[in-house]
Engineer: 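What follows is a structure written as structure tokens; I'll ask about it next.
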2 protein chains.
Amino acid sequence: MLSKKTQYAFHALIHLAENADKGPILISEIAQEKSISIKFLENILLELKNAGILGSKKGKGGGYYLLKPPKEIPLAKIIRLLDGAIALLPCVSLNYYERCENCRDEAVCGLNDVMGKVRDASLKILETKTLKDILTRD
Amino acid sequence: MLSKKTQYAFHALIHLAENADKGPILISEIAQEKSISIKFLENILLELKNAGILGSKKGKGGGYYLLKPPKEIPLAKIIRLLDGAIALLPCVSLNYYERCENCRDEAVCGLNDVMGKVRDASLKILETKTLKDILTRD
DNA sequence: CATAAAACCTATAAAAAAGATAGACTGTTT
DNA sequence: AAACAGTCTATCTTTTTTATAGGTTTTATG
């Protein structure tokens with residue numbers, strides 16, 4: 001299950017994408033629109049900014065905005081940034097690998113094998129689907 | 001990411017399946033073999049028993065054993081039992097559904113749509129692959 | 001230049017979940 | 001009767017998640 005943090009990030013990004021023509025968007029506007037605690041959202045947007053996904057502007061008329069078009073932001077990138085691994089086991093994670101402590105030999109572990117397939121199936125979607133694909137359907 | 005509880009459960013089930021011919025297996029044997037805290041494992045095996053996956057026998061010569069052949073135990077069943085939802089969002093979970101609090105209308109939410117596809121892709125594997133498929137390859 | 005607006009930053013707190021442990025109880029075998 | 005091994009319930013510790021607080025910096029504008 002994705003954390004609230006990641007879920008909020010998706011909703012915030014959706015709002016930013018759908019209002020990209022209106023210039024910088026206030027944190028407070030997103031918070032209200034999506035029912036997210038403003039202070040919590042602040043931290044999340046900051047992380048997205050530090051990761052190079054969002055830009056910001058201070059002072060009057062300031063706010064946050066996307067630095068790239070929505071179709072260039074894969075969903076996997078957001079999940080990995082805020083939640084970490086996408087794989088179900090540390091020993092099959094591409095970006096957050098950790099050795100399995102309970103099995104003698106990963107090369108021979110059948111769990112490793114199946115969970116690798118689950119990871120691949122998920123990534124096939126999460127790395128090709130982008131912010132553009134989750135905008136409100138109308 | 002699967003919890004330790006679920007990971008331990010898989011390793012324990014693998015051990016039980018691979019030693020099914022030896023009669024009931026001691027908790028302590030599994031714990032030692034797989035480097036799992038014996039008391040923690042105790043709780044996990046009990047849950048598996050209460051869910052009808054394992055049988056047990058008390059007293060000397062007792063222990064745990066599988067109630068069904070490994071190929072009739074889908075991995076999804078174990079995960080749902082010990083970890084809950086397999087889906088990435090509550091609003092696309094088949095077994096643990098919860099309404100999305102941050103979006104106006106799920107029917108029109110693009111996130112809902114994509115995450116549903118991720119769920120389907122994962123389930124396609126986790127519901128068809130069974131305990132038999134994760135036994136040690138030799 | 002003063003003021004207000006709005007993001008930035010760091011720290012901390014509160015709540016929930018995960019992971020682990022303790023000890024007494026029940027049933028079984030010999 | 002004694003030893004064995006699972007059962008049950010409660011508690012504890014640690015970690016992670018979620019949320020809040022409050023001051024700092026930057027920018028626009030009158």
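Only this structure's heavy atoms are used, side chains among them; waters, hydrogens and symmetry mates stay out. Every chain is numbered from 1, with letters handed out A, B, ... down the list of sequences. Fair warning: this is a prediction, and the values are worked out from it, not measured in the lab.
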Engineer: Looking at B:Tyr8, does any N or O in its side chain come under 4.0 Å of the phosphate oxygens OP1/OP2 on C:dG19?
Structural biologist: no

Engineer: Any Lys/Arg nitrogen of A:Asp120 or A:Lys124 sitting under 4.0 Å from an Asp/Glu carboxylate oxygen of the other?
Structural biologist: no

Engineer: Grab the CD1-P distance between A:Ile25 and C:dA7 for me, whole Å please.
Structural biologist: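 Between P of C:dA7 and CD1 of A:Ile25: 10 Å.
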
Engineer: Assign A:Leu45 to base, sugar-phosphate, or nothing according to its heavy-atom contacts below 4.0 angstrom with the strands shown.
Structural biologist: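 Answer is nothing: A:Leu45 stays at 4.0 Å or more from every strand.
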
Engineer: For A:Arg119 and A:Ile86, indicate whether the former's side chain and the latter's backbone hold a donor-acceptor pair under 3.5 Å.
Structural biologist: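 A pair under 3.5 Å: no.
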
Engineer: What's the CD-C1' distance between B:Glu101 and D:dA19, to the nearest Å?
Structural biologist: 16 Å

Engineer: Taking the side chain of A:Leu46 as its heavy atoms from C-beta onward, which of C:dT29, D:dT27, C:dC9 lies nearest to it?
Structural biologist: C:dC9

Engineer: D:dA21 P sits how many Å from A:Phe40 CZ, rounded?
Structural biologist: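 From A:Phe40 CZ to D:dA21 P: 15 Å.
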
Engineer: We want to know whether B:His11 and B:Glu33 form a side-chain donor-acceptor pair, criterion being a heavy-atom distance below 3.5 angstrom.
Structural biologist: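 No - no donor-acceptor pair under 3.5 Å links their side chains.
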
Engineer: Take a 6.0 Å sphere around CD of B:Glu72 and say whether it holds more than 12 heavy atoms from other residues, nucleotides or ligands.
Structural biologist: yes

Engineer: Looking only at side-chain atoms of B:Ser56, point me to the closest of D:dC8, C:dT21, D:dG6.
Structural biologist: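 Nearest to the side chain of B:Ser56 among the choices is D:dG6.
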
Engineer: Just how far, in rounded Å, is P of C:dA5 from CD of A:Glu29?
Structural biologist: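 One finds 17 Å between P of C:dA5 and CD of A:Glu29, rounded.
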
Engineer: Mapping A:Glu42 and A:Ser3 to their closest nucleotides on DNA chain D, which lands nearer the 5' end?
Structural biologist: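 Mapping each residue to its closest nucleotide by heavy atoms, the 5'-most match is A:Ser3.
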
Engineer: Hey, does A:Leu26 reach any base, or is it just sugar-phosphate, or nothing, if we go heavy atoms under 4.0 Å?
Structural biologist: sugar-phosphate

Engineer: Answer yes or no: side-chain N or O of B:Asn43 and base N or O of C:dT21 forming a donor-acceptor pair under 3.5 Å.
Structural biologist: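 Such a pair is found, so the answer is yes.
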
Engineer: Hey, does A:Lys4 reach any base, or is it just sugar-phosphate, or nothing, if we go heavy atoms under 4.0 Å?
Structural biologist: sugar-phosphate

Engineer: Rounded to whole angstroms, how far apart are CD on B:Glu47 and P on D:dC8?
Structural biologist: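 So the CD-P distance, B:Glu47 to D:dC8, works out to 12 Å.
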
Engineer: Answer yes or no: does a side-chain N or O of A:Ser37 lie under 4.0 Å from OP1 or OP2 of D:dT20?
Structural biologist: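 The answer is yes; a side-chain N or O of A:Ser37 sits under 4.0 Å from OP1 or OP2.
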
Engineer: Ignoring hydrogens and geometry beyond distance, is the side chain of A:Lys60 in donor-acceptor contact with the base of D:dG30 at under 3.5 Å?
Structural biologist: no

Engineer: Want to settle it: does B:Gly59 or A:Asn50 sit nearer the 5' end of DNA chain C, counting the closest nucleotide to each?
Structural biologist: A:Asn50

Engineer: Which whole-number value in Å describes the distance from A:Met1 CE to C:dA16 P?
Structural biologist: 17 Å

Engineer: What is the distance from CD1 of B:Ile27 to P of D:dC8, rounded to the nearest Å?
Structural biologist: 12 Å

Engineer: Flag the pair A:Lys77 and A:Glu127 as a salt bridge only when some basic side-chain nitrogen lies within less than 4.0 angstrom of an acidic carboxylate oxygen.
Structural biologist: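 Result for this pair is no, no salt bridge flagged.
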
Engineer: So for atom NZ, which belongs to A:Lys129, do other residues, nucleotides or ligands contribute more than 12 heavy atoms lying within a distance under 6.0 Å?
Structural biologist: no

Engineer: I want to verify a distance call: between D:dA28, D:dA5, D:dA19, whose nearest atom is closest to the B:Lys58 side chain?
Structural biologist: D:dA5

Engineer: Whole Å only: how far is the NZ atom of A:Lys39 from the P atom of C:dA11?
Structural biologist: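 To the nearest whole Å, that distance equals 15 Å.
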
Engineer: May I ask you to say what B:Ile38 touches in the nucleic acid, namely base, sugar-phosphate or nothing, with a heavy-atom cut-off under 4.0 Å?
Structural biologist: nothing

